Amino acid sequence: MAIAGPDPKATERQHAKGKLTARERIEALLDEGSFQEIEALRRHRATGFGLEHKKPYTDGVVTGWGTVHGRTVFVYAHDFRIFGGALGEAHAQKIHKVMDLAVAAGAPLVSLNDGAGARIQEGVTALAGYGGIFQRNTKASGVIPQISVMLGPCAGGAAYSPALTDFVFMVRETSQMFITGPDVVRAVTGEEITQNGLGGADVHASVSGVAAFAYDDEQSCLEDVRFLLSLLPSNNRETAPREETGDPAGRRTEALVNLVPANPNQSYDIRKVVEEIADDGEYFEIQPGWAQNVVVALARFDGHVTGIVANQPSSMAGVLDIHASEKAARFVQFCDAFSIPLVTLVDVPGFLPGVDQEHNGIIRHGAKLLYAYCNATVPRIQLILRKAYGGAYIVMDSRSIGADVSLAWPSNEIAVMGAEGAANVIFRREIAAAEDPDLERAQKIKEYQTELMHPYYAAERGLVDDVIDPAETRSALIGALAMLRSKYADMPSRKHGNPPV
């Protein structure tokens, strides 16, 4: 009875919505035959509102552990067929137990969310159950990887547990997340909006940044959860598993010469660069639909998992703005928490100017990325491809904020600002007084470039360790990562820092 579920018709209704049942989802996530369930016979003890006459086994959540690619993973899955997956006291206690086990065992935790929020009939005890989940999410943060998979509605306070985890996966049309639903929005503000329009997968994957990934179906979503787990360590005391890819560490990357235009104002797709330098051209991009002016991804270099942060010249010329800063900062913090080395690919013209950015706190949000890098103790390698201007150069893991190794291509331009802007500021009087201001401006721009922006200027001052041939990029990165593999960094004695939020 506990395994079969409450009613065959409830299963049919779940399938009719294009949704799997809780146990079917667990089977798709875990290695075949590996699931070990706990507390399958658990029932609630609540009374009132007819609950005393309805006490189904599992109480609407399936909990336990199994393996993914042979490594232990803990999981809980809401069963929408029972109380609509709503959380009550017993339901919450089951989740608390599996979360505690995951931390004790040092293994990732995956939540398969498909629930209607707090069980109204149980009142404050249901709310307290959510509080216990939130507290455990926070304590487990940076200790074990936590992944939330949204496979149905998630409203009210229930949306905060996924927000506290490392990665959020969503499925289009069937999963939604919002604090207040469309009915409340309509009553309070008069705005008309659908559930998907308010908190659907595409909204959170491209507008709010809450979701890292959005999929068309549950099966492909769960397959990518399995793939992500293969790239992550089990806990913060281990390193991510190495995989022999067969891609030679010394492979030359001749294609990079043509992939990146010499003209600093011409755009290109930084993903092509990542494909060229990563093992077998494979990488797993995080939050690809949000803040597209920066790319963050996990890839392998000589089989070792590495985090990549890269400016994206094909989107907003690669400038840093509020969202890009937040996206990159969150990724840097995650990699640092789980001992994943960082490679930063720099081609940035600066921070995005504008009243909107300033009034919405670009200083505060940009400082999040600065803090994340400065606080990171993992191996950190910076590679400057072309432009690296102003504060954005500093923030993108420069030597001055602690990068272990800084490399640059011959096309690098490191300066306070672009040559045209610099010449207009420094030589404005000479240009204004000249008989031919345009000719004078062109000469001053060339003078500035010659004096302060030549490829070896930063290297001569020890701010770049080497100017390398683009064809040697992969081997140079792998060599530096190998050298830094045993890096150890002492941290100051403190309870914790106070990062900008």
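As the structure is a prediction and not an experimental result, all values here were calculated from the model. This chain uses plain numbering: 1 for the first residue, then up along the sequence. Every heavy atom of this structure was used, including side-chain atoms; hydrogens, water molecules and symmetry mates were not.
Under the 3.5 Å distance criterion, the side-chain polar atoms of Asn113 are left unmatched by any main-chain donor or acceptor of Met150. In this structure a side-chain-to-backbone donor-acceptor pair under 3.5 Å is missing from Arg119 to Gly85. Remark: side-chain polar atoms of His91 are paired, donor with acceptor, to backbone N or O of Asp59 under 3.5 angstrom. Looking only at distances, no side-chain donor or acceptor of Gln195 sits under 3.5 Å from a matching main-chain atom of Gly181. A donor-acceptor pair is defined here as one N or O able to donate and one able to accept, closer than 3.5 Å; no such pair exists between the side chain of Asp404 and the backbone of Ile381. At distances below 3.5 Å, at least one donor-acceptor pair connects side-chain atoms of Ser34 with backbone N or O atoms of Thr67. Listed for the Arg25 side chain is no donor-acceptor partner under 3.5 Å among the backbone atoms of Leu112. Within the 3.5 Å criterion, the main-chain N or O of Ala205 finds no donor-acceptor partner in the side chain of Asp202. A donor-acceptor contact shorter than 3.5 Å is absent between the side chain of Gln287 and the backbone of Val296. Not one N or O on the side chain of Trp65 forms a donor-acceptor pair closer than 3.5 Å with the backbone of Gln36.
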*Run the numbers on Phe331 and Val309 for side-chain contact (heavy atoms from CB on, under 4.5 Å), then give the verdict.*
CA-CA 8 Å; Phe331 182 72; Val309 180; 3.8 Å; yes
*Worked verdict on Arg474 versus Asp247 for salt bridge (charged side-chain N to carboxylate O under 4.0 Å, His left out)*: CA-CA 11 Å; Arg474 174 174 161 83; Asp247 193 350; 3.7 Å; yes
*side-chain contact (heavy atoms from CB on, under 4.5 Å) assessment of Cys221 paired with Val149*: CA-CA 8 Å; Cys221 175; Val149 188; 3.7 Å; yes
*Passes side-chain contact (heavy atoms from CB on, under 4.5 Å), Phe338 versus Leu232? Steps please.*
CA-CA 8 Å; Phe338 291 101; Leu232 303 180; over 6 Å; no
*Run the side-chain contact (heavy atoms from CB on, under 4.5 Å) check on Lys327 and Ile322 step by step: do they pass?*
CA-CA 9 Å; Lys327 174 179 172 178; Ile322 288 172; over 6 Å; no
*Could you walk me through whether Lys272 and Asp269 pass the salt bridge (charged side-chain N to carboxylate O under 4.0 Å, His left out) test, one step at a time?*
CA-CA 6 Å; Lys272 299 295 183 182; Asp269 189 347; 5.7 Å; no
*Give the C-alpha distance, both sets of side-chain angles, the deciding distance and a yes or no for ring pair (Phe, Tyr, Trp, His ring centres under 6.0 Å) between His323 and His365.*
CA-CA 8 Å; His323 289 163; His365 294 287; 8.1 Å; no
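For the atom pair Gln312 CD and Gln292 CD, the distance stands at 8.5 Å (nearest 0.5 Å). Distance check: Met99 CE to Ile144 CD1 gives 7.5 Å after rounding to the nearest 0.5 Å. The structure places CD1 of Ile362 at 7.5 Å from CG of Leu320, a figure rounded to the nearest 0.5 Å. Within the model, atoms CZ of Phe35 and CG of Leu30 stand 7.0 Å from one another, a figure rounded to the nearest 0.5 Å. For the atom pair OG1 of Thr58 and CG of Leu41, the computed distance is 9.5 Å after rounding to the nearest 0.5 Å. The structure places CD1 of Ile95 at 8.5 Å from OG1 of Thr63, a figure rounded to the nearest 0.5 Å.
You'll find the ring centres of Phe301 and Tyr283 outside the 6.0 Å limit. Separation of the Tyr160 and Tyr130 ring centroids does not fall under the 6.0 Å cut-off.
Considering all non-hydrogen atoms of both residues, Pro233 and Glu238 come closest at CB-O, 3.6 Å. Contact record, Thr72 with Pro108: O-CD, 3.4 Å, taken as the closest heavy-atom pair. The two residues Gly209 and Trp290 make their nearest non-hydrogen contact at CA-CD2, 3.4 Å. In this structure, Ala105 and Phe74 approach most closely via the heavy-atom pair CB-CE1, 3.7 Å. Heavy-atom minimum distance, Asp347 versus Pro313: OD2-CG, 3.8 Å. Of all non-hydrogen atoms in Phe134 and Ser161, the two that sit nearest each other are CE2-N, 3.5 Å.
A salt bridge between Asp280 and Arg300 is absent, with no side-chain N of the basic residue lying under 4.0 Å from a carboxylate O of the acidic one. Using a 4.0 Å cut-off between a side-chain N of Lys or Arg and a carboxylate O of Asp or Glu, Arg271 and Glu285 qualify as a salt bridge. With salt bridges taken as basic N to acidic carboxylate O contacts below 4.0 Å, one links Glu192 and Arg186. The pair Arg23-Asp79 fails the salt-bridge criterion, with no side-chain N (NZ, NE, NH1 or NH2) lying under 4.0 Å from an Asp/Glu carboxylate O. With salt bridges taken as basic N to acidic carboxylate O contacts below 4.0 Å, one links Arg172 and Asp216.
Using a 4.5 Å cut-off on side-chain heavy atoms (C-beta onward), Leu109 and Val75 make no contact. Side-chain contact check for Ile270 versus Val260: every heavy-atom pair is 4.5 Å or farther apart. The closest side-chain heavy-atom distance from Asp336 to Thr377 is below 4.5 Å. Counting only heavy atoms from C-beta outward, the side chains of Leu101 and Ile38 approach each other to under 4.5 Å. Taking 4.5 Å as the limit, some side-chain heavy atom of Val273 sits within range of a side-chain heavy atom of Leu256. Inter-residue side-chain proximity for Asn311 and Thr344 is flagged as unmet; no heavy-atom pair is nearer than 4.5 Å. Residues Thr138 and Gln135 fail the side-chain proximity criterion, which asks for heavy atoms closer than 4.5 Å. By the 4.5 Å heavy-atom criterion applied to side chains, Gln176 and Cys154 are not counted as neighbours.
Within a 6.0 Å sphere centred on NZ of Lys55, heavy atoms belonging to other residues, nucleotides or ligands number more than 12. More than 12 heavy atoms of other shown residues, nucleotides or ligands fall within 6.0 angstrom of atom OH in Tyr268. Within 6.0 Å of atom NZ in Lys487, more than 12 heavy atoms from other residues, nucleotides or ligands are found, so the atom counts as buried in its surroundings.
Between Phe334 and Phe167, the two ring planes are perpendicular [angle over 60°; tilted spans 30° to 60°].
No side-chain donor from either of Ser315 and Asn293 sits under 3.5 Å from a side-chain acceptor of the other. Donor-acceptor pairing under 3.5 Å is recorded for the side chains of Gln93 and Arg42. When only modelled atom types and interatomic distance are considered, Thr239 and Ser339 share no side-chain donor-acceptor pair under 3.5 Å.
Both the sub-6.0 Å distance and the 45° axial angle are not jointly satisfied by Arg380 relative to the ring of Tyr373. Figure legend: Lys94 and Tyr76 shown without cation-pi pairing, the cationic atom not lying both under 6.0 angstrom from the six-membered ring centre and within 45 degrees of its axis.
Tested against Lys19, the residues Asp217, Thr174, Asp114 include a single side-chain hydrogen bond (donor to acceptor under 3.5 Å, both in side chains) partner, Asp114.
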